[in-house]
Amino acid sequence: MESAWHHCQTVLAFSWLFGGVTAVLPPLQPRLRVQPRFPAMLLFPLLLKATLLRLASGSYHPFYNGFYYNHIMNDNDDGQDKVDYFSGARLVVETSRDPIYSYNGANVTLPCHYRYEPDQGPKRKIRIKWSKLRDDYTKEQDVMVAIGKTYMAFGDFKGRAHMRQASRHEASLVISDVRLKDDGKYRCEVIDGLEDESDVVDLRLKGIVFPYQPPRGQYRLNFHEAEHVCQEQGAILANFNQLFQAWSEGLDWCNAGWLADGTVQYPIRLPRKPCGGVHLAPGIRSYGPRHRHLHRFDAFCFSSALKGAVCPSPLGHRTWPGWGEVFYLDRLAGMTLEEAKQSCQDAGAEIARVGHLYSAWKFLGLDRCNAGWLADGSVRYPIVTPRANCGPAEPGVRSFGFPSKGRFGVFCYRER
């Protein structure tokens, strides 16, 4: 009788655990030895553990930001569940669906607003957190946290980031003196007690990607050297999105170069045998991640529009006021590199960098069929309207390389 009673207990326990579906165990076999007087209380820890697992099962998950706050059964116990949020309202955070465009040296506002559904009256101070994200949406760095009117910025954003709270539920981020590396995704996170919601906005710097080789020649740069040479030219290493945008606008370059994430890639518009083969479709060719110290390639640099340069916005209906210009100087007999640097200083300027020249060509329409020195010792000239005796039939920045001798004009840069 005792063995039958314990078997019945087991059946009833499994029936309760699985929500009315009775899991009937097979009868005990005669050859199995059964301990008499098996205490029923030993089942209670198992039942408790199974109960907790059952309450946390997938069928009881109201999906809301990855977790739920409180679960209760309704009064009728009819199997219909409801979710009780501590705040009594749903928190919604919204940023711009479209990218926000800016340029180097400008001020930019990344909009963020939140609301409650249904709307709530005045609430306690909430916490706002802004973070910069990598392309895979993992956090790269903290930008700022704020509670009420008190805020604190971090890292490179100290002194450049603050909150704009012009309206009751605004949590916008204002970044002053935008830098090239500010380009990317930003998360606006609103924390109200146990409720935590966020949205992401994309800040894009209007700029240009250009390939760069040092005077020593092709494939001479490891990753860290590539970072350095781009910075010397008023630029940074481009990221994949910037390279892809440049490819979509016509960039075709058959030399592989470093990108900011440590991968090596190159853009091809016209497939050809030395550039991955004629049977591959146009696109971005990738070598994947490379060793940052041992492997050597060229670099793809990204330079923004000249600081404050006057140029049309991506929306086509406003301009950015500014004070940057690139201009050309020459002498009848030309100049050496040192004479060129001095001529720019005499004009209240500095010799232009490669990034300056590319930005002036793209955004200001600089067109000059005369070669000039640049700060890295290269000689180049920008062509917007191709014509005879001015290089190939496509617009672009032409290069004479790094001549050790010769006399040329010079491109200078100054802020207005």
Atom pair [atom1] ([X]) and [atom2] ([Y]), whose distance is rounded to the nearest 0.5 Å:
X	Y	atom1	atom2	value
Asn107	Asp177	CG	CG	7.5 Å
Cys390	Asn370	SG	CG	8.0 Å
Asp142	Ser131	CG	OG	5.0 Å
Leu180	Phe302	CG	CZ	6.5 Å
Cys188	Lys129	SG	NZ	12.0 Å
Leu329	Glu339	CG	CD	13.0 Å

Donor-acceptor pair, [X] side chain versus [Y] backbone, under 3.5 Å?
X	Y	result
Arg380	Leu374	no
Trp253	Phe300	no
Asp252	Pro267	no
Lys341	Thr336	no
Arg187	Leu133	no
Thr109	Val174	no
Ser96	Asp98	yes
Gln242	Asn239	yes
Ser304	Lys206	yes
Arg127	Val190	no

Is [Y] close to [X] at the side-chain level, that is, under 4.5 Å between some pair of heavy atoms?
X	Y	value
Cys369	Asn389	no
Val354	Phe210	yes
Leu337	Phe402	no
Asp156	Arg179	yes
Glu189	Asp196	yes
Ile100	Arg204	no
Ile351	Cys344	yes

> Which of these, Arg220, Arg296, Arg292, sits in a side chain to side chain donor-acceptor pair (under 3.5 Å) with Glu225?
Replying inline: Arg296
> Does NE2 belonging to His279 count more than 12 external heavy atoms closer than 6.0 Å?
Replying inline: no
> Counting heavy atoms not belonging to His228, are there more than 12 under 6.0 Å from its NE2?
Replying inline: no
>> Using side-chain contact (heavy atoms from CB on, under 4.5 Å), reason through Cys301 and Gln233 one step at a time and then give a plain yes or no.
In response: CA-CA 9 Å; Cys301 303; Gln233 301 314 313; 5.7 Å; no
>> Could you check whether Gln245 and Asn241, counting side-chain N and O atoms only, form a donor-acceptor pair closer than 3.5 Å?
In response: no
> Do we see a donor-acceptor contact under 3.5 Å between the side chains of Tyr212 and Asp376?
Replying inline: yes
> Where do Val410 and Cys412 land on the side-chain contact (heavy atoms from CB on, under 4.5 Å) test, with the steps shown first?
Replying inline: CA-CA 6 Å; Val410 61; Cys412 305; 4.0 Å; yes
If you take all heavy atoms of [X] and [Y], which pair is closest and at what distance?
X	Y	result
Gly217	Asp298	O-OD1, 4.4 Å
Tyr103	Val178	O-CB, 3.6 Å
Tyr266	Asn255	CB-O, 3.4 Å
Cys230	Ala299	SG-CB, 4.1 Å
Arg285	Gly277	NH2-O, 4.3 Å
Tyr151	His162	OH-CB, 3.3 Å

> Do Tyr116 and Asp192 pass the side-chain hydrogen bond (donor to acceptor under 3.5 Å, both in side chains) test, and can you show the C-alpha distance, the side-chain angles, and the key distance before you say yes or no?
Replying inline: CA-CA 11 Å; Tyr116 294 90; Asp192 181 5; 2.7 Å; yes
> Can you list the steps and then say if Phe157 with Met144 is a side-chain contact (heavy atoms from CB on, under 4.5 Å)?
Replying inline: CA-CA 8 Å; Phe157 292 95; Met144 186 181 64; over 6 Å; no
> Do Phe411 and Tyr381 have ring centroids that are under 6.0 Å from one another?
Replying inline: no
>> The criterion is salt bridge (charged side-chain N to carboxylate O under 4.0 Å, His left out); which residues satisfy it with Asp261, sequence neighbours excluded?
In response: none
Looking at [X] and [Y], does any basic side-chain N land under 4.0 Å from a carboxylate oxygen?
X	Y	result
Arg368	Asp330	no
Arg90	Glu117	yes
Arg97	Asp199	yes
Asp182	Lys132	no

> If you look only at pairs with a residue in residues 354-364, which of them pass as a side chain to side chain donor-acceptor pair (under 3.5 Å), with sequence neighbours excluded?
Replying inline: Glu249-Lys362, Ser303-Ser359
> Should the pair Trp247 and Phe244 be assigned to parallel (<30°), tilted (30 to 60°) or perpendicular (>60°) ring geometry?
Replying inline: tilted
>> Arg115 and salt bridge (Lys or Arg N to Asp or Glu O under 4.0 Å): which single residue from Glu197, Glu94, Glu170 fits?
In response: Glu94
>> List the residues meeting ring pair (Phe, Tyr, Trp, His ring centres under 6.0 Å) with Tyr219, not counting sequence neighbours, and say none if there are none.
In response: Phe297
>> Pair His224, His293 - check side-chain contact (heavy atoms from CB on, under 4.5 Å), show working.
In response: CA-CA 7 Å; His224 304 289; His293 293 285; 3.4 Å; yes
> Between Arg414 and Phe327, is NZ or CZ placed under 6.0 angstrom from the six-membered ring centre and within 45° of the ring axis?
Replying inline: yes
